[in-house]
> 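Quick one: the structure is below, questions incoming.
Naming convention: chains lettered A, B, ... in sequence-line order (proteins, then strands); numbering from 1 in each chain. On a predicted model such as this, the values are computed, not experimentally measured, just so you know.
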4 protein chains.
Amino acid sequence: MASRGVNKVILVGNLGNDPEIRYMPSGGAVANITIATSESWRDKNTGEQREKTEWHRVALFGKVAEVAGEYLRKGSQVYIEGQLQTRKWQDQNGQERYTTEVVVQGFNGTMQMLGGRQGGGQGMGAQGGMGGGQQQGNWGQPQQPAAQQQNNFAPQQQSAPQQAPAQQPQQQYNEPPMDFDDDIPF
Amino acid sequence: MASRGVNKVILVGNLGNDPEIRYMPSGGAVANITIATSESWRDKNTGEQREKTEWHRVALFGKVAEVAGEYLRKGSQVYIEGQLQTRKWQDQNGQERYTTEVVVQGFNGTMQMLGGRQGGGQGMGAQGGMGGGQQQGNWGQPQQPAAQQQNNFAPQQQSAPQQAPAQQPQQQYNEPPMDFDDDIPF
Amino acid sequence: MASRGVNKVILVGNLGNDPEIRYMPSGGAVANITIATSESWRDKNTGEQREKTEWHRVALFGKVAEVAGEYLRKGSQVYIEGQLQTRKWQDQNGQERYTTEVVVQGFNGTMQMLGGRQGGGQGMGAQGGMGGGQQQGNWGQPQQPAAQQQNNFAPQQQSAPQQAPAQQPQQQYNEPPMDFDDDIPF
Amino acid sequence: MASRGVNKVILVGNLGNDPEIRYMPSGGAVANITIATSESWRDKNTGEQREKTEWHRVALFGKVAEVAGEYLRKGSQVYIEGQLQTRKWQDQNGQERYTTEVVVQGFNGTMQMLGGRQGGGQGMGAQGGMGGGQQQGNWGQPQQPAAQQQNNFAPQQQSAPQQAPAQQPQQQYNEPPMDFDDDIPF
DNA sequence: TTTT
DNA sequence: TTTT
């Protein structure tokens with residue numbers, strides 16, 4: 001708690017792929033999704049219609065990650081509220097690189113599933129929170145070993161401040177199988 | 001928790017008056033403030049410069065209310081994030097009336113003091129939370145009795161859902177998640 | 001334009017009814033919709049599940065109003081970005097009353113249709129704008145005459161500042177629209 | 001314009017440095033600033049107070065860039081509303097790299113100066129706008145040559161969709177001193 | 001009055 | 001690199 005300043009991102013868009021779920025040693029879930037937003041306009045010069053799609057990396061933590069894993073799919077439309085976070089990592093050549101993501105975590109973010117047709121999911125809303133519980137996964141057993149292998153060079157160290165777990169447990173979130181598609185948009 | 005939909009208000013403006021603080025029987029603080037935002041534009045027809053000020057009623061609950069009461073003053077500039085809420089009350093003639101306010105409460109809102117000169121307050125940020133603590137008063141002992149008198153017909157009865165009492169203990173969040181994606185494009 | 005302060009509202013919810021469209025003398029469209037957002041939580045005392053729905057009055061102006069009238073229906077899910085505005089009016093007894101609405105107008109707001117099933121509309125996005133165009137109606141020919149009749153006591157006087165017409169000029173927006181809803185609940 | 005989805009960032013923080021202003025061949029201004037937001041919390045494990053600062057790259061275009069260049073300084077507190085945008089560039093080794101920025105441009109963004117002490121600026125608000133106008137410089141004559149040199153490998157080429165130039169030129173930015181003496185409407 |  |  002206690003923040004000096006405001007750091008807020010609001011996105012409404014569709015997933016470019018199924019979520020990728022991982023579990024931290026503690027059992028907390030992490031979901032990575034990419035969301036597309038786009039704008040179209042008429043080019044002042046050529047007069048032709050143009051469109052530009054922006055892809056956003058979103059990382060969800062805790063309960064909201066579990067919900068994402070269970071209900072979101074490629075194409076799902078979501079409302080995301082989170083924070084901008086840039087993390088440093090080393091590429092294969094040992095070079096420092098930076099990646100900026102929208103982090104949805106604890107009480108600083110929310111995810112709302114929209115529509116109800118486009119991804120299997122349906123009208124589920126979920127606020128962040130590490131409420132967790134069922135330690136049904138762990139760091140040593142990633143679900144996408146292949147993908148995992150090639151990038152053990154992106155540290156991550158997610159040490160952001162945490163909000164209260166809010167008591168509110170109950171909710172059952174069975175872990176989703178995974179599924180990669182990647183003709184990833186970036 | 002669990003919300004279907006999004007209900008969010010963001011204001012940056014200055015207080016029209018000192019905050020009015022009250023305490024609920026439970027000891028929880030409630031602060032009422034009014035915030036001005038304004039826009040100026042040139043009138044298309046007359047060509048003259050015009051300005052319009054909008055006044056917003058804001059009700060803060062819990063810890064954030066205490067902070068407001070202690071640090072905010074008439075003229076203070078603040079950032080407010082809260083929810084729209086319309087409550088019904090009866091006027092002197094027994095007629096039903098409605099008042100819409102921006103409610104800052106629990107983890108659904110925040111208040112950030114801006115600037116640092118205009119009101120005594122200084123760079124204090126505070127997230128909502130009914131965390132309460134110091135039962136230093138109660139509903140019957142308002143700090144602004146005068147103001148009180150004239151509107152005892154506005155019940156208030158804030159029965160909105162309460163967020164987790166903040167306590168916020170245990171939870172382990174400091175884990176290094178991991179290698180997100182691979183030779184990620186950004 | 002020039003604004004001191006920030007006045008922003010973001011809503012995601014469903015329409016409680018079909019939009020009510022009206023036209024100002026200038027031909028500019030005005031759409032009124034009501035949007036529901038809700039929260040559910042477990043009562044700390046009784047332990048039972050509770051839910052609370054908040055209803056929001058939203059007034060859209062110009063092109064975005066036309067889009068709303070054409071594509072939105074009762075039940076449609078929308079993303080709304082607008083400004084809080086409180087207007088004064090006189091009730092039947094000549095008493096001053098106030099109504100707070102979310103105004104979507106010009107470049108200060110947007111409306112995005114979500115989902116794609118619940119209202120006929122599909123994936124249409126629209127930013128406010130003075131664009132006008134198809135003068136397909138006028139003040140004297142409201143589409144919801146019934147609703148009209150019963151509430152000629154809510155003046156409205158929509159005199160908010162207008163953003164630069166951005167090319168698309170013509171449109172006259174300073175007209176007092178009119179009688180919105182009836183014995184409106186707020 | 002027409003956008004499918006929502007892409008919005010809201011920041012309130014302080015500048016880490018004076019703005020860097022450049023001019024495009026067209027004469028349009030571009031200002032780059034970095035904004036700090038921070039959060040502090042008590043570490044669950046060690047019990048000690050911790051703080052984390054997040055730095056945000058912000059690129060402002062057009063009139064709002066000119067205002068930033070004129071009034072913002074290192075330390076200035078600002079409210080920023082813009083869009084997330086990731087652009088690709090080549091580093092010295094010809095490697096593709098990506099940088100994510102918050103873009104404030106046209107009617108999709110705003111900048112509000114806050115406080116009034118920390119940077120010389122005072123209560124200035126400015127909405128984006130490619131309004132151009134005063135061709136007072138060009139891409140080849142940056143105001144911060146030093147800073148320029150070290151990163152000429154970051155192309156920039158801002159080819160995002162441009163909003164309607166809106167005509168709205170000149171704009172007067174002198175502040176109407178505000179004064180809150182309650183003729184408050186409620 | 002919506003939605004789940 | 002800011003701010004408190």
Side-chain angles (χ1 to χ4, degrees), chain A residues 2-7 67 71 79 86 112-117 121-126, chain B residues 2-7 67 71 79 86 112-117 121-126, chain C residues 11-20 32-40 49-58 72-78 80 114-115 117-119 144 147 181-186, chain D residues 11-20 32-40 49-58 72-80 114-115 117-119 144 147 150:
Chain A
S3 60
R4 177 144 183 82
V6 172
N7 175 0
V67 173
Y71 296 99
Y79 168 92
T86 298
Q112 289 274 327
M113 298 175 60
L114 304 174
R117 217 63 10 128
Q122 165 89 271
M124 271 253 16
Chain B
S3 60
R4 177 145 184 84
V6 173
N7 175 0
V67 174
Y71 296 99
Y79 168 92
T86 298
Q112 289 274 327
M113 298 175 62
L114 304 174
R117 217 61 14 127
Q122 166 89 271
M124 271 253 15
Chain C
L11 301 174
V12 172
N14 302 81
L15 273 71
N17 276 304
D18 286 356
E20 291 177 25
N32 287 282
I33 60 179
T34 54
I35 294 179
T37 58
S38 60
E39 301 188 63
S40 56
Q49 189 67 16
R50 296 194 51 191
E51 175 160 5
K52 187 187 170 209
T53 294
E54 190 71 37
W55 287 97
H56 309 272
R57 289 182 64 95
V58 180
L72 297 183
R73 293 292 175 269
K74 183 188 207 181
S76 294
Q77 189 181 35
V78 284
I80 287 288
L114 305 175
R117 216 63 9 129
Q118 315 95 319
Q144 261 79 4
D181 264 25
D182 23 318
D183 35 10
I184 328 173
F186 50 91
Chain D
L11 300 175
V12 172
N14 302 82
L15 272 71
N17 277 305
D18 286 356
E20 291 177 24
N32 288 284
I33 60 179
T34 55
I35 294 179
T37 59
S38 59
E39 301 190 61
S40 58
Q49 189 67 14
R50 297 195 52 191
E51 176 160 5
K52 188 187 169 210
T53 294
E54 191 70 36
W55 287 97
H56 310 273
R57 292 181 63 97
V58 179
L72 296 183
R73 294 293 174 266
K74 182 188 208 180
S76 295
Q77 190 181 34
V78 284
Y79 169 93
I80 288 288
L114 304 174
R117 216 64 9 132
Q118 315 95 320
Q144 262 80 3
Q150 26 192 119

> Whole-Å distance between E/dT1 P and C/Glu20 CD?
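Nearest whole value for this atom pair: 14 Å.
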> Does the D/Glu54 side chain pair with the main chain of D/Glu39, one donor and one acceptor, at a distance under 3.5 Å?
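No: the side chain of D/Glu54 does not pair with the backbone of D/Glu39.
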> From the options E/dT2, F/dT3, F/dT1, select the nucleotide whose nearest atom is closest to the side chain of C/Thr53.
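That would be E/dT2.
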> Taking side chain to side chain contact (heavy atoms under 4.5 Å, CB included) as the test, write out the residues that go with D/Ser38, two or more places apart.
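Side chain to side chain contact (heavy atoms under 4.5 Å, CB included) check on D/Ser38 returns A/Arg4, D/Glu51, D/Thr53.
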> Can a donor-acceptor pair under 3.5 Å be found between the side-chain atoms of D/Asn17 and the base atoms of F/dT1?
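Pair found.
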> Given side-chain contact (heavy atoms from CB on, under 4.5 Å), test C/Asn14 with C/Ile35 step by step and report yes or no.
CA-CA 5 Å; C/Asn14 302 81; C/Ile35 294 179; over 6 Å; no
> Grab the CD1-P distance between C/Ile33 and E/dT1 for me, whole Å please.
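So the two atoms are 18 Å apart, to the nearest Å.
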> Do you know the tightest heavy-atom contact between C/Asp18 and C/Lys74?
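Looking at all heavy atoms of both residues, the closest pair is OD1-N, 2.8 Å.
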> Return the nearest nucleotide to the side chain of C/Thr34; candidates are F/dT2, E/dT4, E/dT1.
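Nucleotide nearest to C/Thr34's side chain: E/dT1.
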> For the pair made of CD in D/Glu54 and C1' in F/dT2, what is the distance, rounded to whole Å?
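Rounded to whole Å, this separation is 13 Å.
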> Measure CG/C/Leu15 against P/E/dT4 and give the value in whole Å, please.
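In whole Å, E/dT4 P and C/Leu15 CG are 14 Å from each other.
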> Would you call D/Trp55 stacked on F/dT2, i.e. ring centres under 5.5 Å apart with the planes less than 30° off parallel?
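Check failed, D/Trp55 does not stack on base of F/dT2.
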> Can you measure C/Glu51 atom CD to E/dT3 atom C1' for me and round it to whole angstrom units?
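So the CD-C1' distance, C/Glu51 to E/dT3, works out to 8 Å.
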> Quick one: B/Met113 CE to F/dT4 P, roughly how many Å, whole number?
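It works out to 12 Å between those atoms.
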> Taking the side chain of C/Ala36 as its heavy atoms from C-beta onward, which of E/dT2, E/dT4, F/dT3 lies nearest to it?
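Selected nucleotide: E/dT2.
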> State which residue, out of C/Thr37, C/Ile33, C/Thr34, C/Ile80, fulfils the side-chain contact (heavy atoms from CB on, under 4.5 Å) condition with C/His56.
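Testing C/His56 for a side-chain contact (heavy atoms from CB on, under 4.5 Å) against C/Thr37, C/Ile33, C/Thr34, C/Ile80 leaves exactly one candidate, C/Thr37.
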> Consider the side chain of C/Lys74, meaning its heavy atoms from C-beta on, and name the nucleotide among F/dT1, E/dT1, F/dT4 that approaches it most closely.
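Of all the options, the side chain of C/Lys74 is nearest to E/dT1.
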> When you measure from the side chain of A/Arg4, which nucleotide among F/dT2, E/dT2, F/dT4 comes out closest?
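The answer is F/dT4.
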> What is the distance, rounded to the nearest whole Å, between atom CZ of C/Arg57 and atom P of E/dT2?
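To the nearest whole Å, that distance equals 17 Å.
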> Quickly work out the C/Leu72 CG to E/dT3 C1' distance and round it to whole Å.
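My rounded result for the distance is 15 Å.
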